[in-house]
Amino acid sequence: MIINIVLALIVLITVWLAVSSVRVVNQVERGVVFRFGKAQREIRQPGLTFLIPVVDRMRKVNVQIVTMPVPTQEGITRDNVSVQVDAVAYFRVEEPLRAAIAVQNYLFAIEQVAQTSLRSIIGKSDLDDLLSNREELNKGLALMIDSPALGWGIHIDRVEIKDVHLPDTMKRSIARQAEAERERRARVITADGEFQAARKLADASAIMTETPGALQLRLLQTVVEVAAEKTSTLVMPLPVELLRFFERSGKDTPAAEQAAAPSERQQEEQPAVTDAGTPELAPPGPSFERPAAEPAARSGVARTA
């Protein structure tokens, strides 16, 4: 009876040791075996693996890409602007043996290195770089984190800055700057358009000056455009040449009058030719000069009285 019990115990212990010596490694993991506390160089691959009971102890290391958010870090940029920046880091374990023995907790270590590197990037960069030149900053940040992580058997795939929080006063200043820049561009574009239009009009006027027929064709085209509308009024523009003709005619007329004026003055200055031998005879009859003067005298006396 005792022998049977001992045999049963031996069988149970053997089964327990056999079961405890079998381990399963998942596809996304790698196994690092410690034999009597010493790490073995052989990395256990996914699948079934056998360990020596009581002697071996295995630690599984995940080799998937880990997405780690970097907490918001507050700092002052190189141009003295207070900002709050957060980021996200993507990394994976390339050497499970180093990740298991070189650092106590590689996840916590990567998080701390990412925070300190992000603070350093904020202090070395300007505000414009944080807002518009993020690709270069991401590369620099990934390089700063990857330098110590290589000794831990970890590779940093990429690091990206998620958001930049600015003070309200700085947001208003940036908005005013953007508005002024847009207004400047609008004025430049308007001035450029007017300049090009003036140049084209100058070229067209030069062509019309060389070919008078082009001006007549343009006049006819304008008449056709005006007549196409349903209106009872037809506007007929006058050619500039016609106005210039009237202007020249007006200038020629005073010149002709000035040329004819001296001859008339000479005729007036010449003395009238009279016959000296024929004396002038006064017309017979009473003279009305004195009676005309007498009423005036009388009226003057009456007014004086």
Side-chain angles (χ1 to χ4, degrees), residues 77-85 121-122 124-141 158 160-269:
T77 61
R78 190 167 56 182
D79 50 354
N80 298 325
V81 179
S82 179
V83 295
Q84 294 180 352
V85 183
I121 285 293
I122 293 173
K124 295 179 181 179
S125 305
D126 295 332
L127 180 61
D128 294 338
D129 295 335
L130 289 175
L131 297 176
S132 61
N133 194 16
R134 293 189 180 182
E135 294 183 359
E136 296 295 332
L137 295 180
N138 293 337
K139 292 180 182 178
L141 186 58
R158 59 189 304 177
E160 293 184 357
I161 296 176
K162 292 174 59 178
D163 195 9
V164 179
H165 302 276
L166 300 176
D168 294 336
T169 56
M170 184 57 62
K171 290 181 180 179
R172 288 192 293 266
S173 299
I174 293 175
R176 289 195 299 269
Q177 180 183 0
E179 184 178 357
E181 180 65 20
R182 293 293 180 182
E183 185 176 358
R184 182 188 67 85
R185 292 182 182 179
R187 291 184 178 181
V188 170
I189 293 173
T190 302
D192 190 15
E194 292 180 356
F195 175 74
Q196 294 180 4
R199 176 174 293 179
K200 294 297 182 182
L201 289 175
D203 296 341
S205 63
I207 295 175
M208 289 184 179
T209 303
E210 296 177 357
T211 56
L215 184 61
Q216 299 296 330
L217 293 176
R218 181 58 182 169
L219 176 60
L220 295 176
Q221 184 179 1
T222 304
V223 172
V224 171
E225 292 177 356
V226 173
E229 300 179 359
K230 297 180 179 180
T231 58
S232 59
T233 304
L234 181 61
V235 180
M236 287 293 295
L238 294 176
V240 180
E241 286 76 4
L242 183 59
L243 299 178
R244 291 177 180 175
F245 172 75
F246 289 135
E247 183 179 0
R248 288 195 299 267
S249 301
K251 291 181 179 179
D252 294 341
T253 302
E257 293 179 354
Q258 292 178 2
S263 60
E264 295 178 356
R265 291 178 181 177
Q266 291 178 1
Q267 292 178 2
E268 293 177 356
E269 291 177 357

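Note that CD of Glu136 is 9.5 Å distant from CG of Asn138, once rounded to the nearest 0.5 Å. Here the OG1 atom belonging to Thr169 is positioned 10.0 Å from the NZ atom belonging to Lys171, to the nearest 0.5 angstrom. In this structure, CZ on Arg185 lies 14.5 Å from CG on Asp192, to the nearest 0.5 angstrom. To the nearest 0.5 Å, atoms CZ (Arg199) and CD (Glu194) are separated by 14.0 Å. Between the CZ atom of Arg78 and the CD1 atom of Ile122 there is a distance of 14.0 Å, given to the nearest 0.5 Å.
Checked for salt-bridge contact, Arg184 and Glu181 meet the test: a charged N lies under 4.0 Å from a carboxylate O.
Around CD of Gln177, the count of heavy atoms belonging to other residues, nucleotides or ligands within 6.0 Å does not exceed 12.
Between Pro167 and Ser82 the shortest heavy-atom distance is CD-O, 3.2 Å. The shortest non-hydrogen separation linking Leu130 to Ile161 is CD2-CD1, 4.5 Å. Closest approach of Ile121 to Ser125, counting heavy atoms only: O-OG, 2.8 Å. Lys162 and Arg134 make their closest contact through O-NH1, 3.4 Å (heavy atoms, listed as atom of the first residue, atom of the second, distance).
Of the possible donor and acceptor atoms, none in the side chain of Asp126 sits under 3.5 Å from a partner among the backbone N and O of Thr77.
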